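The block underneath contains the structure these notes are about, expressed in structure tokens.
Counting from 1, the numbers follow the sequence of the chain as shown. We use all heavy atoms of the structure for the numbers below, so side chains are in, but hydrogens, waters and symmetry mates are not. Everything numeric in this text was worked out from a predicted model, so none of it was measured. Start at 1 and go down the list; that is how both ligands and their atoms are numbered.
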Amino acid sequence: MALAQIIDGKALAQSVREKVGTAVGSLKSQHNIIPGLTVILVGENPASQVYVRNKAKFTEQLGMTSRVIQLPQTCSQSELLSHINELNQDDKVHGILVQLPLPDQIESSEVLNHIRPEKDVDGFHSVNVGKLCIGQPCFVPCTPLGSVMLIKQVRANLAGAHAVIVGRSNIVGKPMVQLLLQENCTVSVAHSRTKDLAAITKQADILIAAVGRPEMITADHVKPGTIVIDVGINRVPAPEKGEGKTKLVGDVAFDEVANIASAITPVPGGVGPMTIACLLRNTLQAACESANIDMSQI
Ligand code: GUN
């Protein structure tokens, strides 16, 4: 029996989606604006296909306009940029998301910086990254934003907490540093070259695992009472379910860590649903800002 409280990402994501859905309805009735999100998917990465399908499903469910542009794996950079040019100029498109990772022939940072910052609902454009660093209003990357909302479900005031982030990606680790600094945490970042990882992670009051290595954070990495946020989504073989079957696991060995932590997010049902809910919120924000409407007023 786990000691830790299981932080329910599915439930929180649903409540965020409900609020966004209500605001979408008001935006439509009061201002005749329908938020629109276009997702570009290059190639046929199975995990990306699932994410994109889910993003489109929830976008439509909330009454927003959803479009997916599917491009072949062999797509050139200039072809991708020309699609972005078109979307940048389309007033009905408030949010543009290019699903990552992109094939090797494409320079991701050039592509991300081609999206108009006002439509960059992922918050990956250098302008939004810079604004986040200096505490200006901007689009905040969805996974770190959702993760902080989950932490706040179990600890409202994070001031003075030591947060240890394992992973330094542009999508999660680095923006997470900024968000937790804004919450007045003391922040440490560990990564693949960190020596004696457990000695660092054991200092954490809040431990964020965002490395993409199945169940690498074990009981030996965690001090009693820590809040553990598992950002990993790894598909691994599950012979116990039958031959050829697979299952999703996080970066945290859930069962053993749940006996030590005070609270933990499950995989699936933790951070994943929050990422999509925050994307929908960012799309609403983009639509409001395109018409100079204060999102909190609708
Ligand atoms: N691939 C994995 N996570 C993300 C994300 O948050 N945004 C995009 N665009 N691609 C991703």
Kindly list each side-chain donor-acceptor pair under 3.5 angstrom involving residues 58-69, sequence neighbours excluded, with atom names and distances?
from	atom 1	to	atom 2	distance (Å)
Thr59	OG1	Lys55	O	2.5

Query raised in the report: Counting each atom of ligand 1 from 1 as listed, which ones have a heavy atom of Leu97 under 4.0 Å away?
Result: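 The list of qualifying atoms is 9 (N).
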Report task. Number the atoms of ligand 1 from 1 as they appear, then name those within less than 4.0 Å of a heavy atom of Gln99, with their elements. Result ->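 Counting atoms of ligand 1 from 1, those under 4.0 Å from Gln99 are 1 (N), 9 (N), 10 (N), 11 (C).
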Throw together a table of side-chain donor-acceptor distances under 3.5 angstrom for residues 161-171, partners on residues two or more places apart or in other chains.
from	atom 1	to	atom 2	distance (Å)
His162	ND1	Gln203	O	3.4
His162	NE2	Ser188	OG	2.7
Arg168	NH2	His191	ND1	3.3
Ser169	OG	Val172	N	2.9
Ser169	OG	Gly173	N	3.4
Asn170	OD1	Lys174	NZ	2.9

**Report entry** Shortest protein heavy-atom distance from atom 4 (C) of ligand 1, along with the residue and atom involved
**Finding:**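 For this ligand atom, the closest protein heavy atom is Ile171 CD1, 4.2 Å.
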Requested in this report: Examine the proximity of ligand 1 to Tyr51 and report which part, side chain or backbone, both or neither, has a heavy atom under 4.0 Å away.
Outcome: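 Tyr51 to ligand 1: no contact under 4.0 Å from either part.
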Query raised in the report: Just heavy atoms, cut-off under 4.0 Å: does Val98 contact ligand 1 by side chain, backbone, both, or neither?
Result: backbone
Query raised in the report: Below 4.5 Å, heavy atoms only, C-beta onward: do Lys247 and Arg235 meet side chain to side chain?
Result: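 Not in contact.
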**Report entry** Close N or O approach (Leu100, ligand 1; < 3.5 Å)
**Finding:**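 Between Leu100 and ligand 1 (N or O atoms, distance only) the closest approach is under 3.5 Å.
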Report task. For ligand 1, find out whether one of its N or O atoms is nearer than 3.5 Å to an N or O atom of Asp122. Result -> yes
**Report entry** Interatomic distance, Ile233 atom CD1 to Thr275 atom OG1 [nearest 0.5 angstrom]
**Finding:**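 It comes to 6.5 Å.
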Requested in this report: Give a yes or no on whether the backbone of Asp230 and the side-chain of Thr265 come within a donor-acceptor separation of less than 3.5 Å.
Outcome: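 Yes: the side chain of Thr265 pairs with the backbone of Asp230.
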Query - Donor-acceptor pair, side chain of Lys119 and main chain of Leu87, under 3.5 angstrom - result: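 It does hold such a pair.
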